[in-house]
Number of protein chains: 2
Amino acid sequence: MNLIEKKTLSRIQKEKRSTIKKAALEVFSEYGLRGATLDKIAVASGLTKPNILYYYSSKDQIYFDVLSGLLDEWVAPLHNISSDGDPIDELLGYMKAKLKMSKQKPQESKLFATEILHGAPLTQNVLATSLKQTLDEKVAVIDKWIEEKKLEYVNGYHLFFSIWAMTQHYADFDIQVKSILNQSEEELFDDAEEYLTSVLLRTLSVRAP
Amino acid sequence: MNLIEKKTLSRIQKEKRSTIKKAALEVFSEYGLRGATLDKIAVASGLTKPNILYYYSSKDQIYFDVLSGLLDEWVAPLHNISSDGDPIDELLGYMKAKLKMSKQKPQESKLFATEILHGAPLTQNVLATSLKQTLDEKVAVIDKWIEEKKLEYVNGYHLFFSIWAMTQHYADFDIQVKSILNQSEEELFDDAEEYLTSVLLRTLSVRAP
DNA sequence: GTCTATAAATCGATAGAC
DNA sequence: GTCTATCGATTTATAGAC
């Protein structure tokens, strides 16, 4: 897929593409790559189908652009974990940042979930290289903290997996969560943060206050 | 959808339907309802497309039958939580049963994940009634244990959400997990069980041995 | 019951007028 | 740049021979 010319887009082209991407995120996150149709994206964006294909060469191209535009943002909180900080503060901050993203960006979370669930056709390479490398570094930080006796032993990889799983669950499976709990979004995420804070503190061998 | 005549199926009809359902589970779990095609199910089952439609009236009907046939099995471990047992044993047993299902039935896990992720078009009613009712009962059991001082305070609903999230993560996002960890399935799930046991014991205020 | 052939609908993408 | 009209491919589902 040729994205080289993207740098030379005019202002109006950027705006149209942005409109399309916003609508496409809605549709892709709800129906997945294959379930989404250009008709649905057209309706959601207020544009016609040929007009969309004037700005993007294909449906796959739109999906690729939406997904790659969100990848950096999605991995960003991981980079904020500093080896200089207090282990508990750093990991608690990471969990809270991830939970906040689930609350504020559920469509993005669902998009990545569907992508990975269906074999990560477009991001498998990124998972195996960039994400793995970043995670390896952060697990190394955790192992260093353990060695320095700043943290009790914990399996770093599975710690991150469980943080991802528990926080993203509230976005990806919101239908199920909301079917069971008849709460406002605000109450729900407040309770979730309280619970997850407790789980993480105890997992890291700290007694909750 | 009319499933009434299902009770009067002949032996050969049951067998054919079973063959189709097995193939359909493979395809639906990998591509989702909309991404799956009758062609793919035909190839996977070794039958022709019209032959499949001789036993099922439509693709949606196959999906519905596969999903509803697995629903009971999927919720079953929850029923095994006994209020008479030791709280820690019961909840640890439940987590391990769920993790075992993720290891042994990843396709089923992915099928439910995709269904819920995409708005639970066919199961929303079940989630809001049957699953909610069962979970309410089990949360009541946990609250009773807390009242009887057999268990420290914990938010029952979020406890179950986190068990679901952490255990199903290993099936639903196996592509991501395996991209990061270069382990055999056996090692991976052994480590996962050790980690999740530790998390759960600490969450329930018990020091791991 | 099973097949080949094909109808009918949907969907991605293009042609060509404006 | 944007539209209507439509092509061509895919896919669900059916018709009808065997």
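Letters A, B, ... mirror the listed sequences (proteins, then strands); counts begin at 1. Quantities reported herein were computed from a predicted structural model and do not represent experimental measurements.
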* Structure fact -> Of B:Glu185, B:Glu187, B:Glu186, the one forming a salt bridge (charged side-chain N to carboxylate O under 4.0 Å, His left out) with B:Lys103 is B:Glu186
* Asked: Between D:dC3 atom C1' and A:Ile52 atom CD1, what is the distance in whole Å?
  -> 13 Å
* Closest nucleotide among D:dT2, C:dT2, C:dG1 to the B:Asn51 side chain -> C:dT2
* Asked: Is there any ring pair (Phe, Tyr, Trp, His ring centres under 6.0 Å) pair reaching into residues 25-53 of chain B, and which pairs are they, with sequence neighbours excluded?
  -> B:Phe28-B:Tyr63
* Please state whether the rings of A:Tyr170 and B:Phe161 are parallel, tilted or perpendicular, taking 30° and 60° as the class boundaries. => perpendicular
* To do: Give A:Leu47 one of three labels, base, sugar-phosphate or nothing, depending on what nucleic acid heavy atoms sit under 4.0 Å from its own.
  => nothing
* Asked: Are a donor atom and an acceptor atom from the side chains of B:Gln183 and B:Asp191 found within less than 3.5 Å of each other?
  -> yes
* Once you round it to whole Å, what is the distance between P of C:dT2 and OH of B:Tyr56? -> 14 Å
* Asked: Reading nucleotides 9-18 of chain C 5' to 3', which nucleotides get B (base under 4.0 Å from a protein heavy atom), which S (sugar-phosphate only), which -?
  -> --SBBB----
* What nucleotide, of C:dT2, D:dG1, D:dT2, holds the atom closest to the side chain of A:Ile12? -> D:dG1
* **Passing option when A:Trp145 is tested against A:Asp86, A:Leu151, A:Leu204 for side chain to side chain contact (heavy atoms under 4.5 Å, CB included)** => A:Leu151
* Asked: OP1 or OP2 of D:dG1 sitting under 4.0 Å from any side-chain N/O of A:Tyr54?
  -> yes
* Which heavy atom in B:Ile88 sits nearest to a heavy atom in B:Leu201, and how many Å separate them? -> CG2-CD2, 3.5 Å
